[in-house]
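Worksheet: one structure, shown below.
Naming convention: chains lettered A, B, ... in sequence-line order (proteins, then strands); numbering from 1 in each chain. In what follows, every heavy atom counts, from backbone to side chain, and hydrogens, waters and symmetry copies are set aside.
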Protein chains: 2
Amino acid sequence: MAGHKPTIHDVAAKAGVSKSLVSLALRGSDKVSAESRLAIESAAAELGYRPNAAARSLADRRSRAIGVLVLDFNNPIFAQILDGVQQVAGVNGYNTLIVTGSSDPVRQESELARLLEFQVEGLILIAHRLSAETITRISDERPVTIITRNDVTGANVDTISNDDQAGARIAVEYLITLGHSHIAHVTGGDNQISRDREKGYRDAMSTAGLRENIHVIPGDFTDSGGYRAANEIFEGRPESTAAFVANDLSALGVMAAAADSGRTVPNDFSVIGYDGMALASLRTLNLTTIQQPLVEMGRLAVTQLLKRIETPNIPNVSVQVNSQLHRAGTCAPPSH
Amino acid sequence: MAGHKPTIHDVAAKAGVSKSLVSLALRGSDKVSAESRLAIESAAAELGYRPNAAARSLADRRSRAIGVLVLDFNNPIFAQILDGVQQVAGVNGYNTLIVTGSSDPVRQESELARLLEFQVEGLILIAHRLSAETITRISDERPVTIITRNDVTGANVDTISNDDQAGARIAVEYLITLGHSHIAHVTGGDNQISRDREKGYRDAMSTAGLRENIHVIPGDFTDSGGYRAANEIFEGRPESTAAFVANDLSALGVMAAAADSGRTVPNDFSVIGYDGMALASLRTLNLTTIQQPLVEMGRLAVTQLLKRIETPNIPNVSVQVNSQLHRAGTCAPPSH
DNA sequence: TTCCCTTCTTGGAACGTTCCAACTAGTGTC
DNA sequence: GACACTAGTTGGAACGTTCCAAGAAGGGAA
């Protein structure tokens with residue numbers, strides 16, 4: 001709590017040189033004599049000098065910050081993605097400004113505005129709920145990378161996603177291989193990701209000649225949604241022996257409903273999810289799922305964003321990562 | 001991607017007024033004529049003007065940002081705390097700079113430095129691993145609020161924590177009430193929180209006259225640590241009928257080990273955790289635990305931090321929130 | 001000695017705001 | 001008609017950096 005924060009001028013005065021030389025020295029320029037450098041460094045250390053990022057950002061017109069808008073923190077897969085984002089951003093000397101998108105559109109806009117006023121050099125959207133129009137508008141000002149969706153395009157927009165249809169097909173084909181034919185599907189609600197996963201389910205069922213067994217129950221990507229949907233399955237189609245659930249969180253709800261209805265998983269009922277949520281692979285849950293490389297997706301997003309920040313007009317990329325079947329404990333051949 | 005970002009001067013020129021008046025109007029001063037205000041607002045909208053936070057921060061010496069250092073994202077309870085932090089910060093117009101503390105001390109220091117260079121007005125530490133000395137040094141420059149620990153003090157430091165000893169006692173007393181007497185404890189490793197919870201366990205056991213049954217196995221707050229520790233219990237003290245585990249994540253590991261060893265939870269073995277991790281209360285897991293009001297703790301932390309930012313010399317506070325027994329499905333009376 | 005070159009160093013301008021003291025144009029009072 | 005107010009409005013200084021053109025010091029070549 002010294003009288004005031006030391007500035008570059010204070011360091012200069014103490015070291016007996018000009019502020020310009022301090023600036024140069026502290027940024028590691030090689031055209032500073034060893035003698036001056038030493039004096040400057042020790043003066044800075046002694047004063048506890050910290051460069052003011054706002055001033056620097058103003059002077060060289062770079063904020064060295066990227067903004068991250070994430071839907072919420074309730075689904076832990078976002079934390080895994082964020083982990084990857086943080087890693088790469090940190091290594092490259094970028095700060096990350098993380099904002100959780102509130103469901104209220106007005107507040108969401110104002111939080112976005114706050115991010116942009118900070119002059120973030122780029123934006124990462126994780127499972128956003130912004131309109132295509134909003135995104136286009138924003139990407140006019142700054143590069144944007146979208147994770148988990150690839151349905152928005154724009155000159156300044158890159159996307160990192162997995163092939164949801166393909167992943168869903170893998171899941172359903174696996175159940176079919178195990179011998180299931182009465183396979184239900186719990187959706188994730190009205191959004192692109194959920195629609196793609198549903199399409200994969202329908203495709204795989206049709207291809208296997210199981211078109212008439214298709215049974216789709218609406219869900220909402222939450223665990224309680226999964227619970228409700230599962231009960232609907234058990235009542236409406238008791239012949240079902242397995243379910244492909246739109247995400248892991250919902251799959252946990254399905255498992256709970258199965259247990260509550262007296263069914264053992266996987267002996268009486270098989271469940272397969274989607275995402276690769278870290279917690280679901282804990283031994284206690286041991287959920288079979290389609291695993292997205294979540295941390296890697298976060299990493300890729302920042303890498304691509306920084307690339308575009310550095311070279312604004314590179315061609316758009318739309319990276320599709322591979323999701324893989326993670327065999328675990330919630331799927332088995334049907335017992336009858 | 002216009003030639004350059006519009007500044008306050010561009011707005012002023014377009015509206016036919018001075019930059020000062022634009023500044024005034026855009027910040028909602030009441031000493032601007034309705035006419036000018038209108039002209040300014042429409043000019044700003046038309047140009048897509050966004051105030052530059054760096055310039056503002058420089059001019060009025062406030063960054064309107066708080067820094068958050070969180071241990072990692074692996075334990076989902078941190079996400080819950082962050083949720084609360086974000087809520088209150090956002091409502092008050094503050095940006096949050098979130099950084100995950102790497103385990104590497106050197107990198108951790110540099111990330112902290114990055115935060116401070118951004119001139120964050122205060123710092124929130126969630127489950128940090130910084131030395132008391134480092135914290136004191138930092139708190140010399142800026143207010144600090146620590147969540148989940150209260151063992152560091154300083155003129156500028158507030159803490160939000162729960163009473164770990166009391167919470168642990170509640171957990172153990174609950175098991176005793178159910179009829180258990182051979183109760184083991186899995187710790188969270190070498191840190192203050194874990195030590196406090198262990199102390200609560202020992203106290204409760206002693207008070208109940210079960211001193212000779214005390215059995216402490218070292219853990220590390222991770223699920224695999226819990227798994228290992230549980231196996232140690234089953235081998236070393238097969239007479240144990242229950243375990244109080246230092247946190248929920250580890251408790252899940254214990255449950256997995258119980259299942260793998262052929263024990264049913266809670267019939268053969270009772271498990272109680274600590275934290276109130278959202279996922280552990282999912283129906284599938286239904287973990288009995290000591291629930292901390294995590295989101296509320298995040299809220300309180302920001303509230304207190306902002307208070308201290310506004311009025312630097314208020315007396316220190318050390319808020320202790322109440323943790324409560326959350327009765328769920330993993331505890332039952334012993335069967336023999 | 002003079003001149004040029006290199007190496008190191010410097011002060012001033014710029015970045016986009018906010019704050020402040022001072023100015024202008026009305027409006028009302030005596 | 002002079003005066004004091006009030007409501008709006010203004011330009012300049014300041015915030016703490018970086019960048020840039022230019023200066024100083026020292027050495028070698030002619």
Task: For atom CG of Leu21(B) and atom P of dT10(D), their distance in whole Å - done: 6 Å

- [ ] Report the residue (Glu35(A) or Arg50(B)) whose heavy-atom-nearest nucleotide on DNA chain C is the more 5′ of the two.
- [x] Glu35(A)

TODO: For the helix from dT1(C)-dA30(D) to dC30(C)-dG1(D), figure out the bend between the end axes, five pairs an end, and round to 10 degrees.
DONE: 60°

Open item on the list: When you measure from the side chain of Asn75(B) to the backbone of Ile77(B), do you find a donor-acceptor pair of N or O atoms at a distance under 3.5 Å?
Closed with: yes

Task: Arg114(B) and Glu111(B) ion-paired at < 4.0 Å - done: yes

Task: Pair listing, salt bridge (Lys or Arg N to Asp or Glu O under 4.0 Å) test, anchored in residues 43-52 of chain A, at least two apart - done: Lys14(A)-Glu46(A), Arg50(A)-Glu141(B)

Open item on the list: With side-chain contact (heavy atoms from CB on, under 4.5 Å) as the test, pick out the partner of Glu121(A) among Arg61(A), Glu310(A), Arg62(A).
Closed with: Arg62(A)

TODO: Mark yes or no for whether Gln80(B), through its side chain, and Ala278(B), through its backbone, hold a donor-acceptor pair below 3.5 Å.
DONE: yes

Open item on the list: Could you check whether any side-chain N or O of Asn92(B) sits under 3.5 Å from a backbone N or O of Leu306(B), counting only pairs where one atom can act as donor and the other as acceptor?
Closed with: no

Open item on the list: Looking at Arg27(B), I'd like to know whether one of its side-chain N or O atoms comes within less than 4.0 Å of OP1 or OP2 on dC19(C).
Closed with: yes

Open item on the list: Whether Ser23(B) contacts dT18(C) is assessed here as follows: a side-chain N or O lying under 4.0 Å from the phosphate OP1 or OP2. Is that the case?
Closed with: yes

TODO: Work out which heavy atom in Pro51(A) is nearest to a heavy atom in Arg56(A); give both atom names and the distance.
DONE: CB-NH2, 3.6 Å

Task: Whole-Å gap separating P (dC15(D)) and NE2 (His9(A)) - done: 9 Å

Open item on the list: For the residue pair Arg37(A) / Ser33(A), report whether a side-chain donor-acceptor contact shorter than 3.5 Å exists.
Closed with: no

Give every pair of a protein N or O atom and an N or O atom of nucleotides 20-27 of chain C that lie under 3.5 Å apart, one pair per line with the distance.
none

TODO: Check for a donor-acceptor pair, side chain of Asp158(A) on one end and backbone N or O of Leu305(A) on the other, with a separation under 3.5 Å.
DONE: no

Side-chain donor-acceptor contacts of residues 122-131 of chain A below 3.5 Å, not counting sequence neighbours, with atom names and distances?
unit_1: His128(A); atom_1: ND1; unit_2: Leu130(A); atom_2: N; d: 3.0
unit_1: Ser131(A); atom_1: OG; unit_2: Thr134(A); atom_2: N; d: 3.1
unit_1: Ser131(A); atom_1: OG; unit_2: Thr134(A); atom_2: OG1; d: 2.7

Task: Stretch residues 55-62 of chain B: residues that reach within less than 4.0 Å of DNA chain C through a heavy atom - done: Ala55(B), Arg56(B), Ala59(B), Asp60(B)

- [ ] Measure the distance from CD on Gln119(B) to P on dG16(D) and round it to the nearest whole Å.
- [x] 9 Å

Task: Those residues of residues 36-44 of chain B lying under 4.0 Å from DNA chain C by at least one heavy atom - done: none

TODO: Find the distance Lys31(B):NZ to dT6(D):C1' and express it as a whole number of Å.
DONE: 10 Å

Task: Expected output: side-chain Ser29(A) to main-chain Lys31(A) donor-acceptor under 3.5 Å - done: yes

- [ ] Whole angstrom is fine here: how far is it from CZ in Arg64(A) over to P in dT18(D)?
- [x] 9 Å

Task: Under 4.0 angstrom between Ser18(B) side-chain N/O and dT10(D) OP1 or OP2 - done: yes

TODO: May I ask you to decide if Glu117(A)'s main-chain N or O and Asn52(B)'s side chain share a donor-acceptor pair within less than 3.5 Å?
DONE: no

TODO: Classify the side chain of Lys19(A) and the base of dG12(C) as holding, or not holding, a donor-acceptor pair under 3.5 Å.
DONE: yes

TODO: Identify which nucleotide among dT17(D), dT17(C), dT9(C) has an atom closest to any side-chain atom of Tyr49(A), counting heavy atoms from C-beta outward.
DONE: dT17(D)

Open item on the list: When you measure from the side chain of Arg142(B) to the backbone of Leu116(B), do you find a donor-acceptor pair of N or O atoms at a distance under 3.5 Å?
Closed with: yes

- [ ] Could you tell me whether the side chain of Ser139(A) and the main chain of Thr136(A) form a donor-acceptor pair under 3.5 Å?
- [x] yes

TODO: Let me know the distance between CD1 of Ile8(B) and C1' of dC19(C), rounded to the nearest Å.
DONE: 12 Å

Task: Atom-pair distance (CG on Asn52(A); C1' on dT18(D)), nearest Å - done: 13 Å

